[in-house]
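What follows is a single structure, written as structure tokens, with notes after it.
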Amino acid sequence: FTSTRDMVGQIMWALANRSRYSLTSSSLSSILRSSPTFVQSVRCKSDNSTLQLEKMRNIGISAHIDSGKTTLTERVLFYTGRIDAIHEVKGKDGVGATMDSMELERQRGITIQSAATYTMWGDYNINIIDTPGHVDFTIEVERALRVLDGAVLVLCAVGGVQSQTMTVDRQMKRYNVPAIAFINKLDRMGANHDRVLDQLRNKLKHNAAFLQLPIGRESDTRGLVDLVQERAIYFDGAYGDVLRYEDIPADMRAHAVDARAELVEYLANADEQIGEMFLMEETPQTEDIAAAIRRATLARTFTPVMLGTALKNKGIQPLLEGVVDYLPNPSEVNNYALKNKKNDDDEEPEKVLMIPDRNNNAPFVALAFKLEQGKFGQLTYLRVYQGCVSKGDSVYNTRTGKKTRLSRLVQMHADKMEDVSKVFSGDICAVFGVDCASGDTFVFEKDLKLSMESIHVPEAVLSMSIKPADKKGDGNFSKAVARFTKEDPTYRVWFDTENKETVASGMGELHLEIYAQRMEREYNCPVIMGKPTVSFREMLTKPVNFDFFHKKQSGGRGEYARVIGVMEPLDPHENTKVDFRDETTGTNVPKPFVPGVKKGFMDSCERGMLAGQKVTGVRMRLQDGANHAVDSSEWAFYQAAQSAFLEVCEEGVWQVLEPVMSVEVNSPHEFSSQVFSLINHRTGIITGQTGRDDWFTLEAEVPLNNMFGFSAELRSLTQGKGEYTMEYSRYSPASMETTDRVVAEWQKKQDEDGDNTQGGKKKKKKN
């Protein structure tokens with residue numbers, strides 16, 4: 001009774017505080033949505049089983065570093081009544097943002113792990129995943145976008161489209177995720193929303209247009225003009241939680257008319273219905289424009305651009321309305337599972353469309369997209385694509401065939417858990433005690449050979465030796481490595497037999513540094529990191545024919561195999577792949593032995609003969625061979641393939657490839673000559689330059705091997721004002737100097753190993 005009375009009181013207060021115009025133009029639902037008591041009462045009554053599919057949204061919030069993703073999520077949770085108070089990233093109160101639950105995240109003021117939560121906006125259920133912005137944690141964004149139906153691409157009104165923005169955009173394209181662009185930080189000095197829209201159109205090639213205009217500039221931003229509804233929105237109250245709707249200010253009416261006409265023009269390029277009205281010179285109504293924005297956004301032919309400043313509590317509620325109005329519900333996204341054929345493993349798997357209805361008519365299918373070690377054991381995040389599952393049900397892992405009972409189902413709110421008894425298609429939940437890997441698929445029926453399409457895992461680009469500072473920490477070190485490598489597929493730890501040391505590989509220096517710090521904090525195991533080493537590659541430059549005859553007879557059954565064919569380089573854009581083709585006809589190389597040849601070739605590619613690096617960008621075409629009725633075996637053909645590979649290594653012309661990074665440097669104009677010379681000194685190729693006010697942005701491609709110590713040098717040259725970001729771009733042929741140095745280091749290592757072996761032998765002889 002008390003909560004109902006409070007709710008009615010809040011509604012009456014909100015009505016009394018609105019002008020006559022705003023009262024007639026605003027619906028009761030928008031007033032109710034601004035009442036935290038109402039929101040909480042709706043959530044209490046809401047149950048997973050009663051949620052309608054049309055009233056669900058699964059969204060991710062993604063952007064470049066420091067664009068305000070976590071701050072935006074904090075406001076979303078506050079306005080939807082999910083949290084009672086706002087806490088800032090690296091705030092003075094020492095609490096930190098809700099979604100940055102890890103202590104290291106709060107200290108550094110960055111997001112390291114993607115965090116999931118859910119909330120209610122009116123009667124709409126919104127699942128939100130806040131993702132990191134640093135390129136080092138790009139797998140977190142990749143995993144989030146794989147399982148989400150829509151996204152909010154946050155852009156800084158000052159920085160605009162930056163390097164990681166492009167990476168996120170590519171990931172959205174890969175998984176066909178419709179997005180709303182949200183230009184944040186309008187209150188900052190130098191904010192320019194028009195420039196950011198221009199970059200969206202030119203750099204990212206988006207067909208984008210404003211849905212809103214700011215009233216005032218920079219720190220004088222007072223509100224927004226809604227171009228669709230043709231009204232002004234002001235954000236009153238201590239936290240901007242009281243919306244006031246008024247007429248568009250007189251000095252902005254002409255600008256608003258032009259901007260609305262531009263919106264219709266860009267929509268006409270993306271939507272047939274608006275296009276026809278545009279050609280017929282008809283004026284579309286508000287309902288026509290809103291419906292067209294939704295259709296074009298779902299088809300990924302148009303990107304609506306919304307504005308705001310999360311820190312100053314402006315523009316968040318209209319963004320939530322945009323998420324509800326323009327982003328898809330789970331039934332509007334086609335998700336496919338791959339069904340393997342029973343007879344032939346090499347045959348292309350069949351694509352099966354998932355049925356998103358929230359009932360148990362279709363068999364249960366869910367994807368494990370993220371693993372996390374919690375205080376109750378391994379926590380596995382699941383996205384349910386079809387059917388439903390209850391607490392206590394048993395499910396099968398389609399990869400391992402293992403049966404697991406789901407003893408507990410929870411929904412996540414950052415690091416807090418809320419138990420649920422049942423989850424349906426479209427839900428994101430978490431389970432305990434399930435032994436699986438990221439990307440595994442779960443079903444009810446063991447014979448249902450379905451697997452959701454796998455998540456793209458980028459190759460590691462940087463390696464460093466790692467070892468516990470104290471030998472007593474070996475046990476904890478092993479536990480930490482086992483957990484972190486399982487949680488993060490881009491973090492790999494392996495033992496280098498050549499150098500007799502443990503090596504950690506990852507996406508960058510920050511990536512490896514964060515895991516080293518987590519080992520110390522979470523496992524009380526300080527580690528010593530060695531000098532970073534770059535992952536070079538070796539590639540063949542010209543095709544080489546091979547014909548190797550492997551024959552071995554030492555009593556009993558012998559070994560007999562012959563392989564004939566050609567090894568050739570792949571195209572430059574495929575220089576990180578290795579390909580094998582079976583072009584044999586007849587029975588000279590029996591089909592059961594072909595996998596042996598393929599495995600021999602693939603294993604040989606792990607280490608080349610030029611510089612001891614991994615071999616990529618090579619295709620082996622097996623064209624002919626010979627076999628013996630008794631002595632031939634898969635093992636014999638495996639050895640023949642490896643020997644043929646060694647022949648090609650000796651006869652072929654090889655080159656060393658090195659990872660090239662896309663580097664973006666931001667600096668004041670006064671230091672432009674120093675920044676240019678710094679890039680040139682590190683053999684970088686400048687690809688673009690943009691300027692704004694007193695700052696300029698330089699885009700370049702620089703070999704990763706030349707980027708060590710770049711940060712310190714940039715800061716010293718720019719008096720601490722310069723900053724940069726970099727991300728992996730591609731592998732390209734290394735310079736002669738780099739090639740000679742890498743080859744010389746490898747040969748020196750080989751000579752040292754040879755001397756050690758000989759020394760060991762002599763010592764043994766002496767004894």
Side-chain angles (χ1 to χ4, degrees), residues 54 56-63 141 144-155 160-161 165-183 193-194 196-213 226-229 258-307 318-336 351 353 356 453:
E54 294 72 28
M56 288 186 68
R57 300 290 182 271
N58 291 323
I59 66 162
I61 296 180
S62 304
V141 187
L145 291 177
R146 169 65 187 84
V147 299
L148 295 171
D149 305 320
V152 176
L153 178 63
V154 184
L155 298 146
V161 172
T165 316
M166 296 180 182
T167 305
V168 170
D169 183 61
R170 279 199 303 272
Q171 290 168 329
M172 287 179 183
K173 281 178 184 167
R174 185 180 296 133
Y175 298 116
N176 287 319
V177 178
I180 292 174
F182 180 73
I183 300 176
H193 58 285
D194 292 313
V196 179
L197 178 65
D198 189 53
Q199 290 177 347
L200 256 179
R201 290 170 178 169
N202 296 322
K203 282 190 175 182
L204 300 184
K205 308 300 179 192
H206 280 228
N207 180 39
F210 287 128
L211 302 192
Q212 299 162 338
L213 292 174
D226 186 341
L227 297 175
V228 179
Q229 300 291 339
D258 293 343
R260 185 178 164 99
E262 185 181 288
L263 169 63
V264 172
E265 188 180 330
Y266 275 85
L267 272 175
N269 296 332
D271 185 74
E272 283 187 18
Q273 292 183 29
I274 291 288
E276 286 176 14
M277 294 176 83
F278 188 75
L279 292 172
M280 299 295 289
E281 296 186 359
E282 296 175 12
T283 304
Q285 299 301 309
T286 299
E287 296 77 18
D288 299 327
I289 293 175
I293 293 171
R294 180 171 180 79
R295 286 193 301 270
T297 305
L298 297 192
R300 278 187 57 84
T301 55
F302 175 75
T303 304
V305 182
M306 306 184 83
L307 310 173
L319 175 65
L320 281 165
E321 294 283 359
V323 166
V324 165
D325 293 339
Y326 307 132
L327 290 183
N329 65 59
S331 68
E332 292 171 311
V333 178
N334 289 336
N335 290 299
Y336 294 91
K351 276 193 166 187
L353 180 65
E453 292 164 292

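What you are looking at is a predicted structure, and each value in this text was computed from that prediction instead of being measured.
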To the closest 0.5 Å, what do you measure between [atom1] ([X]) and [atom2] ([Y])?
X: Asn202; Y: Leu197; atom1: CG; atom2: CG; answer: 9.0 Å
X: Asp169; Y: Arg174; atom1: CG; atom2: CZ; answer: 11.0 Å
X: Ile289; Y: Gln273; atom1: CD1; atom2: CD; answer: 13.0 Å
X: Arg260; Y: Asp258; atom1: CZ; atom2: CG; answer: 12.5 Å
X: Thr301; Y: Asn269; atom1: OG1; atom2: CG; answer: 9.5 Å
X: Leu153; Y: Leu204; atom1: CG; atom2: CG; answer: 7.0 Å

Return the minimal non-hydrogen interatomic distance between [X] and [Y], and the atom names on each side.
X: Met172; Y: Ala179; answer: SD-CB, 3.8 Å
X: Gln212; Y: Leu307; answer: OE1-N, 2.8 Å
X: Pro330; Y: Pro356; answer: O-CB, 4.0 Å
X: Ile274; Y: Asp288; answer: CD1-O, 3.9 Å
X: Gly160; Y: Val196; answer: CA-CG2, 3.8 Å
X: Ala290; Y: Tyr326; answer: O-CE2, 3.7 Å

Would a 4.5 Å heavy-atom cut-off, applied to side chains only, mark [X] and [Y] as touching?
X: Val147; Y: Tyr175; answer: no
X: Gln199; Y: Leu155; answer: no
X: His206; Y: Val305; answer: no
X: Val324; Y: Leu320; answer: no
X: Glu276; Y: Glu282; answer: no
X: Val264; Y: Pro284; answer: yes
X: Glu272; Y: Arg295; answer: no
X: Ile183; Y: Phe210; answer: yes

Taking [X] for its side chain and [Y] for its backbone only, find out whether a donor-acceptor pair lies under 3.5 Å.
X: Asp271; Y: Leu267; result: no
X: Asn207; Y: Tyr266; result: yes
X: Glu332; Y: Asn329; result: yes
X: Thr286; Y: Gln229; result: no

Testing Thr165, Val168, Ile61, Leu319 for side chain to side chain contact (heavy atoms under 4.5 Å, CB included) with Val154, which one passes?
Ile61
Identified side chain to side chain contact (heavy atoms under 4.5 Å, CB included) partner of Leu211 from the options Ile180, Leu263, Leu227:
Leu263
Excluding sequence neighbours, so at least two apart, what forms salt bridge (Lys or Arg N to Asp or Glu O under 4.0 Å) with Glu262?
Arg201
